[in-house]
Q: 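Structure below; questions to follow.
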Amino acid sequence: MKLTEAQFKQDFLAEIKTLYATELSDTSNYNQFVALGQLVRRYDGPNWTKTSADYREKDRKQVYYFSIEFLPGRLLKSNLLNLGLLDTVRQGLKALGLDFDEISRAEPDPGLGNGGLGRLAACYMDSMASLGIAGNGNGIRYRYGLFKQVFMDGYQVELPDDWLRNGNVWEIRRENKACLVRFGGNVWMAPQPDGQLKAMYENTDDVWAVPYDTGLVGYHNDVTNTLRLWSAELPPSADETGFSQARRDRIDEITKVLYPDDSNSAGQSLRLRQEYFFSSAGVQSIVRHYGLRHQGMKELAKKIAIHINDTHPTLVIPEMMRILMDEHHCSWDVAWSLTTQVMSYTNHTIMQEALETWPIEMFKGLLPRIYQIVAEIDRRYREAKTPIFGEALVNRTAPLGNGQVRMAFLAVIGSHSVNGVAPLHTELLKEDVLRELYQVYPERFNNKTNGIATRRWQQLANEPLSNLIDSKIGPTWRRQPNQLKSLAAYRDDTKFLKQLTAVKVENKAALAAYIQSELGVTVRTDAIFDVQIKRLHAYKRQLLHVFEIIREYLAIKDQPKNTEPPRVHVFGAKAAPSYHYAKSIIKLINALADLVNHDPEIGDQLKVAFIPNYGVSLGELIIPTADVSEQISTASKEASGTSNMKMMANGAVSLATLDGANIDIIEAAGEENEYSFGLTAKAVYGYYERGDYHAADFYNANPELKRVLDTLIDGTIPGISTEGREIYDSLLRYNDEFFVLADYDSYVQQQRQISHDFQDQKLWQQKALANIAASGIFSADLAVARYSDEIWQVPHTKLLN
């Protein structure tokens, strides 16, 4: 888009006067952000309108990406970058005496996700728009985000994240596109005069699903796609029929919070209502939109692709069947053929607890018509597959079993494509988690390694690095991230390597200022920044990182004149509110930080910063500072990971187990430029099969490890008597479920090697450069292009055959 600085200033001042009827000097940073957001929307409006019109006129195949989480991050800078207006706006605001960065920080960061799943969805939406793919997001407009995390006496406390308190400048409410979603009641099939059966409903609990649309701006291509988030509201008939307060509250709860506590049946019921709510509303909207240009359903699979991002939206499968049969009078066989052609599914986990199941009685009561359809899918699956694979295997893989509706199995059976998100993960799906379904449908399984939107994680999060790269290889890498590989030619360019270090120090200074402001801790910018930012979970093994900090602390106490390079250990992580063990680890980290940071003998040699309320915006601040990227999950447990890719793209080396996409990263950047350690997935499975893992053997055989673990219970770390004992027992008495102790020694060896190598600055700079140069292959653009070529744009005839 063409816009002069003078025109922008004129437009911006006019927007301020229109919105606030006052002068610029009388507005706050938030007022200025709203005015700027409104203006950006106006600038982009013609692109959004034209994109939608082009898709309609050309009858483009539409991709609908269903995800219960979206973590888009702040959109102001991203939209300006993608429109090509970032520099113009920044200079224009500066000329008006305003600080663009202060204004952009006034934008709420929507917490509509918990971690990698939601951020991946947002990266893919960015990429679809930038690649010109007709892609649409479909999710839930949570009134409150995940939660605002604060630490009180070191404990995590969850506060409401009221991100919509002042509205959302980017969204458009489209009440004329609302849908009715039914829960509960009674459903029966009534014969009709034409011989058809019609689904009849009575006493249903009806909810009005109202869409809010946000434009997703493509990079320098005049394309704007749509993210549609659904809000649960009272049906228009509510006042006439006298809805009770209890019924109103049930509706209000559906889109109130992300991931309600599902440790009890009420929470599980609410979670299931959420999943059906956005699945049903989304599919209804899709079929309605398709019907505006097409007679009948026969072209459906040529024009629509629906992608199921993890198991949460799996109910799109029976919902599509319901609509095709009950509303468009398709036979079962036609409806099933169309549905499986339309649907594809990404599995994101091998953790059994994350493969969702719902009690049949709960499911049947909440979703009676959907249950009828799932039961028929189950019956037909058993009828077709038992003669081929035997009753035992079919019983283990059918959608219904052991009193549960098994969502992952339903997703595989009802889709034409099932993908994992890293080669190791995909192989584990085939060999373990979904092994028997792989036997039934081998042709459906494939790998699509995750990717990241380098526009946000390099161009926005690390402008100094991006500008430095431009100075060497030009700006075309910004559209073609594979071109980053040409940076490898500068590995011996001393001047460039020093500039790379200067960029890192500049980024560290910004984070150091934030840590000082928020935590009151002073950190050195010449230290190794050792970073672990991800959801707090036992399998991600923040504990292993904690034990290294304890080891370093004890080493300095033993030898105060230690010549090791200084370290700053940075954590960012939220624990699920009901996940007691993870919250105990948070308390441990904070107690350890308090001990280390205030010990005069330690000084500035070692610091620990656990930054509360980690999210996308904090990630943008932390990731460009990382020297060491901690990717230390138990081998075989992490599906892919994306923080590993983000830190790699900003020049961090990976301290990594051979898990998820870590394997791809090590291969891409070269083993000599990373620090791998620990058990392999094969070794982990070997322990499972033999049952011969004994954590106490490692504890008793390694005096250093024993000393480290004993600090949990001997008073070395004040204030953790309960948590320390709980963690200590979990590792020794209950035998260390995630093999933390087995990997301790090799992890420490690599940490020592990192300290040694960091002191050779040229060597360290070359490792950092190798990571940046190799990072382009993990672009979300490349991942999305593979989906589009192989799954979403798959020829109709291929599916029919």
Side-chain angles (χ1 to χ4, degrees), residues 422-424 449 452 458 465 468-469 472-473 481-501 503-504 527-532 544-545 548 564-565 567 623-633 635 638 640-683 743-779:
L424 174 64
T449 299
I452 60 166
Q458 280 178 316
L465 175 62
L468 177 60
I469 294 171
K472 284 299 177 187
I473 65 172
N482 254 338
Q483 290 195 9
L484 286 169
K485 64 179 179 289
S486 61
L487 281 173
Y490 296 94
R491 71 179 310 277
D492 293 314
D493 185 329
T494 302
K495 180 183 176 182
F496 180 69
L497 293 175
K498 286 182 178 178
Q499 289 173 315
L500 204 58
T501 297
V503 164
K504 184 72 76 173
I528 299 173
F529 275 45
D530 189 335
V531 176
Q532 190 173 18
L544 194 52
H545 192 171
E548 166 63 12
E564 296 282 305
R567 284 212 188 214
I623 285 167
T625 74
D627 295 304
V628 178
S629 168
E630 296 256 2
Q631 307 298 330
I632 58 178
S633 54
E638 186 74 82
S640 168
T642 53
S643 71
N644 47 10
M645 301 172 188
K646 293 162 193 167
M647 286 190 270
M648 176 195 196
N650 284 278
V653 303
S654 292
L655 174 59
T657 49
L658 296 175
D659 196 25
N662 296 347
I663 297 170
D664 306 58
I665 285 173
I666 293 165
E667 182 178 330
E671 194 170 354
E672 70 278 8
N673 295 307
E674 314 292 0
Y675 296 86
S676 61
F677 74 95
L679 299 172
T680 63
K682 183 178 180 181
D743 279 350
Y744 172 84
D745 202 44
S746 59
Y747 174 73
V748 168
Q749 287 177 26
Q750 290 291 47
Q751 285 283 25
R752 288 185 169 121
Q753 188 64 47
I754 285 169
S755 291
H756 176 270
D757 291 351
F758 189 78
Q759 295 178 80
D760 182 341
Q761 273 298 286
K762 184 174 182 181
L763 174 66
W764 195 260
Q765 292 157 355
Q766 289 174 330
K767 289 176 181 284
L769 179 61
N771 276 277
I772 297 167
S775 66
I777 68 169
F778 298 105
S779 161

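Everything numeric here is computed off the predicted structure, so don't read it as measured data.
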Q: Return the minimal non-hydrogen interatomic distance between Leu497 and Lys762, and the atom names on each side.
A: CD1-CG, 4.1 Å
Q: Could you check whether any side-chain heavy atom of Leu500 comes within less than 4.5 Å of a side-chain heavy atom of Ile772, counting everything from C-beta outward?
A: yes
Q: Is Asp627 reaching over with its side chain to a backbone N or O of Phe529, donor-acceptor style, under 3.5 angstrom?
A: yes
Q: Could you check if a side-chain atom of Asp492 sits within less than 4.5 angstrom of a side-chain atom of Gln766, using non-hydrogen atoms only?
A: yes
Q: Is there side-chain contact between Leu658 and Ile666, with at least one heavy-atom pair below 4.5 Å?
A: yes
Q: Are Ile665 and Gln631 side-chain neighbours, meaning at least one heavy-atom pair lies under 4.5 Å?
A: no
Q: Looking at Asn644 and Ala661, would you say the former's side chain and the latter's main chain have a donor-acceptor pair under 3.5 Å?
A: no
Q: Examine the side chains of Gln765 and Thr501 and answer whether a donor and an acceptor come within less than 3.5 Å of each other.
A: yes
Q: Can you check whether Phe677's main-chain N or O pairs, donor with acceptor, with Asp743's side chain at less than 3.5 Å?
A: no
Q: Should we count NZ of Lys498 as having more than 12 external heavy atoms under 6.0 Å?
A: no
Q: Check this for me: Glu667, atom CD, are more than 12 non-hydrogen atoms of other residues, nucleotides or ligands nearer than 6.0 Å?
A: no
Q: I'd like to know if the side chain of Lys767 reaches the main chain of Gly651, judged simply by a donor and an acceptor atom lying under 3.5 Å from each other, with no hydrogens or angles considered.
A: no
Q: Are the side chains of Leu655 and Tyr747 in touch, meaning some heavy atoms are under 4.5 Å apart?
A: yes
Q: Measure the CD-CG distance between Gln458 and Asn650 for me, rounded to the nearest 0.5 Å.
A: 6.0 Å
Q: Using modelled atom types and a 3.5 Å cut-off, is there a donor and acceptor pairing between side-chain atoms of Tyr490 and backbone atoms of Phe496?
A: no
Q: Supply the atom-to-atom distance Ile528 CD1 to Arg567 CZ, rounded to the nearest 0.5 angstrom.
A: 4.0 Å
Q: Are the side chain of Glu548 and the backbone of Leu544 linked by a donor-acceptor contact shorter than 3.5 Å?
A: no
Q: Side chains of Thr657 and Leu679, heavy atoms from C-beta outward: is any pair under 4.5 Å?
A: no
Q: Check the side chains of Gln751 and Glu630 for a donor-acceptor pair under 3.5 angstrom, ignoring hydrogens and angles.
A: yes
Q: Check for a donor-acceptor pair, side chain of Ser746 on one end and backbone N or O of Gly678 on the other, with a separation under 3.5 Å.
A: yes
Q: So, for Glu638 and Ser633, which heavy atoms are closest and what is the spacing to 0.1 Å?
A: CB-OG, 3.3 Å
Q: Which class fits the ring pair Trp764 and Phe758: parallel under 30°, tilted 30 to 60°, perpendicular over 60°?
A: perpendicular
Q: First locate atom CZ of Arg491, then atom CG of Leu769, and finally report the distance between them rounded to the nearest 0.5 Å.
A: 8.0 Å
Q: How long is the span from the CE atom in Met647 to the OG atom in Ser775, to the nearest 0.5 Å?
A: 13.5 Å
Q: Are Ser676 and Glu674 close enough that a side-chain donor and a side-chain acceptor fall under 3.5 Å?
A: no
Q: Ignoring hydrogens, what is the shortest heavy-atom contact between Met648 and Ala669? Give both atom names and the distance.
A: CE-CB, 4.0 Å
Q: Calculate, to the nearest 0.5 Å, the distance between atoms OG and CD belonging to Ser643 and Gln532 respectively.
A: 8.5 Å
Q: So, Lys485 side chain and Asn482 main chain: donor-acceptor pair closer than 3.5 Å or not?
A: yes
Q: What distance do Ile469 atom CD1 and Leu484 atom CG have between them, rounded to the nearest 0.5 Å?
A: 5.5 Å
